[in-house]
Amino acid sequence: MEDNTSQELNKPLIQPALYEEDGDVDNHATMWSSARSILDESTQPTAVANPSGVGPRDEADVATGVKRSSRIDSSLTGFVLAVILFFNAAGGPFGVEPSLKAAGNLYTIIGFAAMPFLWALPEAVMTYELSSLYPCASAGVRWTEEAFGESWGLLVGYLGWISGVTNNASYPVLFLSYVHTQFFPHISDTDSNAFLHYGILVGITVVLVCVNYRGLHVVGKASVLIFFVSMAPFVLMVIIGTPKVDPSKWLQTPTGEVKVFDDDSLNQKGWFPEATFAGIAFRPFINNLYWNFNGFDQGGNYSTTVTQKTLRTGIGGSLLLVSSAYLLPILIATGATDIEQSEWKEGSFATAGTEIGGRWLGNWIVVSSGISLLAQFFCAMSSDSMQIQGMADRGQLPSFFRHQSQHDTPTYAILLGLLVILVLLPLPFGIIIELSNFSFCLSVIVEFLAFAQLRIRKGDCTQLRKALYVILLVAPMLFNIAVLLLASYATYIFGACMTVFGILLINAKRLNLAFCSICGWGVDRDGGCDAVASVDEK
């Protein structure tokens, strides 16, 4: 192992006083407290390599003096971690319908059967390998810092935050689509009032954000309960629909007649605005596949709270859960219903459930979608805002992002995320996931390059293993290139603006110091102007 793996990060994200003496995590803590207990590990100094041969989870933390092994959360078993990562990466088959409309039955089935091997497996292997060597809750930020330096790590963290916040805007949109399709199918999108539609989305979003602001009490294994509740109707759909399946329907290829999508994604100009082959509309198809399978790298966020065995079991189990939760419902919905390719849209799984088992099953799928999608919103919103607060705690962002409410939640970090979401809500579902994919793509490319740098170029493994790593990286890198090339010009502009804004945000402290110097103000101990600090304290 290289000497540079023993480098320490800066001061702790959260003050050490937040730790209990024994490091245990209360199973009845709030979501915010749980998020804090995970995220405060992200910047704790971790000596991965040491001459004594003591493993990283047995070493005493320099900042707190508490052994890492004492911080292992015994409530996070392999299955519980697999379920948590399942919600990070998937959450169920909600939102796969655009693939069926873009590629038809056969190619959608092939796509969702191949993606676990071409994309999810390489991402999972990268996550486990680097998390084992560099256990840190900031995951990709830490890996990138080790490979290319702090500035690159910060940029990756920011792009990951942009992807997460953008992705958060898709959940209310998708949930409302399911409600619309199941309960108001007679009202077309063109007939609906745009202002009323946006108002409903804003209302849903504000309510969810308020819940995040006040904190959400969650018992230790609530994620498992949500998993069973949200997946139950699809299990019933598989059981009831299996005898009705006509395998010949799986072989139906795209007609090539679908020219306009509900999200109008094909009309957005780009380098390849209407890239089609064998009747497949590649832009919505590739983006939907990519959106449904990314997120396994978030498993690295738990590398400091579980053992390596639990981490391996959790990542592997989530890969199995995600793959089966997509493929089985797709097989039943396409084989046991008469839904045409042109009729698939967001919320059509509820229609399929109604056709297979009756109105009650379709309604249950809508309720399950709400539970799953809104739960994903809570988890993502909390982690995204805590990430901003954590960067401020490390002095990498302006100090006002450290401000906490009386509910122990990062006020301004939540408001920043809400502002971005409100701007994105008017956009169609397909456009939102393309924007989210673009930001995620930029960050995960750097993560894969960091993996190549740390494990292939500088790693001490055998040449055969390095060759296998190279082969493993080929497919995901090609997929990333495809996502970038198929993006619209509007997405390029969005990506460029977000990147420039991120660079300015990351360098805001330096700009602040320069402004203080010009104005002749002093600088406080956190690197901010005295005038600003006095306002924050009030």
Answer whether the closest heavy-atom distance between the side chains of I414 and V209 falls below 4.5 Å.
yes

Less than 4.5 Å apart, any side-chain heavy atom of L176 and any of L201?
yes

Pairwise distance CG(D297) to OG(S131) - rounded to 0.5 angstrom:
9.0 Å

Between F94 and Y171, is the ring centroid distance below 6.0 Å?
no

For I332 and G241, the nearest pair of non-hydrogen atoms, with its separation, is CG2-CA, 3.9 Å

Do F86 and F227 have ring centroids that are under 6.0 Å from one another?
yes

Taking atom OH of Y412 as the centre, report whether more than 12 heavy atoms of other residues, nucleotides or ligands fall under 6.0 Å from it.
no

Here the gap from I433 atom CD1 to N288 atom CG, rounded to the nearest 0.5 Å, amounts to 5.0 Å

Backbone of N287 reached by a side-chain donor or acceptor of E434 within 3.5 Å
no

For the residue pair F282 and L485, establish whether any side-chain heavy-atom pair is separated by less than 4.5 Å.
no

Kindly determine whether W119 and Y290 satisfy ring pair (Phe, Tyr, Trp, His ring centres under 6.0 Å), including the steps that lead there.
CA-CA 8 Å; W119 174 266; Y290 192 80; 5.0 Å; yes

With heavy-atom distances below 4.5 Å as the criterion, would you say the side chains of L155 and V446 are in contact?
no

Report the distance from atom OG1 of T253 to atom OH of Y107, rounding to the nearest 0.5 Å.
6.0 Å

Please report the closest heavy-atom contact between Q341 and K101, naming both atoms and the distance.
NE2-O, 2.9 Å

For a side chain to side chain contact (heavy atoms under 4.5 Å, CB included) with W250, tell me which candidate from I109, I110, I330 qualifies.
I109

Do M126 and E447 have side-chain heavy atoms sitting under 4.5 Å apart?
yes

Could you verify whether a donor N or O on one side chain and an acceptor N or O on the other, from T491 and S488, lie under 3.5 Å apart?
yes

For a quick test of reading the model, state the closest non-hydrogen atom pair linking L361 to G353 and the distance between them.
CD2-O, 3.5 Å

At their closest point, which heavy atom of L319 faces which heavy atom of A120, and how far apart are they?
CD1-CB, 3.2 Å

For a side chain to side chain contact (heavy atoms under 4.5 Å, CB included) with S436, tell me which candidate from I162, N294, N167, V165 qualifies.
N167

In the structure I gave you, are the side-chain heavy atoms of I204 and F377 within less than 4.5 Å of one another anywhere?
no

Passing candidate, side chain to side chain contact (heavy atoms under 4.5 Å, CB included) with T334, options L106, N105, I339:
N105

Rounded at 0.5 Å granularity, tell me how far CD1 in I356 sits from CD1 in I239.
12.5 Å

Can you measure from OG (S348) to CD1 (I365) and round to the nearest 0.5 angstrom?
11.0 Å

T337 side chain near K249 side chain, heavy-atom distance below 4.5 Å
no

Intermediate values then yes/no, side chain to side chain contact (heavy atoms under 4.5 Å, CB included), Y198 and L425
CA-CA 7 Å; Y198 180 70; L425 282 179; 3.7 Å; yes

Do the side chain of E97 and the main chain of F349 share a donor and acceptor less than 3.5 angstrom apart?
yes

Let me confirm one number: the CZ-CG distance from F448 to N480, rounded to the nearest 0.5 Å.
6.5 Å

For L472 and F451, run side chain to side chain contact (heavy atoms under 4.5 Å, CB included): C-alpha distance rounded to whole Å, both residues' side-chain angles, the deciding distance at 0.1 Å, then the answer.
CA-CA 11 Å; L472 199 65; F451 177 75; 5.7 Å; no

Of the non-hydrogen atoms in A325 and M231, which two are nearest, and what is the gap between them?
CB-SD, 4.2 Å

Of the non-hydrogen atoms in E123 and F293, which two are nearest, and what is the gap between them?
OE1-O, 3.8 Å

Does some side-chain heavy atom of F494 sit less than 4.5 Å from a side-chain heavy atom of S439?
yes

Please say whether more than 12 non-hydrogen atoms of neighbouring residues, nucleotides or ligands are located less than 6.0 Å from CH2 in W152.
no

Go through the steps for L484 and L442 under the test side chain to side chain contact (heavy atoms under 4.5 Å, CB included), then give the verdict.
CA-CA 9 Å; L484 294 179; L442 294 176; 4.2 Å; yes

For T166 and F438, run side chain to side chain contact (heavy atoms under 4.5 Å, CB included): C-alpha distance rounded to whole Å, both residues' side-chain angles, the deciding distance at 0.1 Å, then the answer.
CA-CA 10 Å; T166 306; F438 193 85; over 6 Å; no

Flag, side chain of S163 to backbone of G160, donor-acceptor distance under 3.5 Å:
no

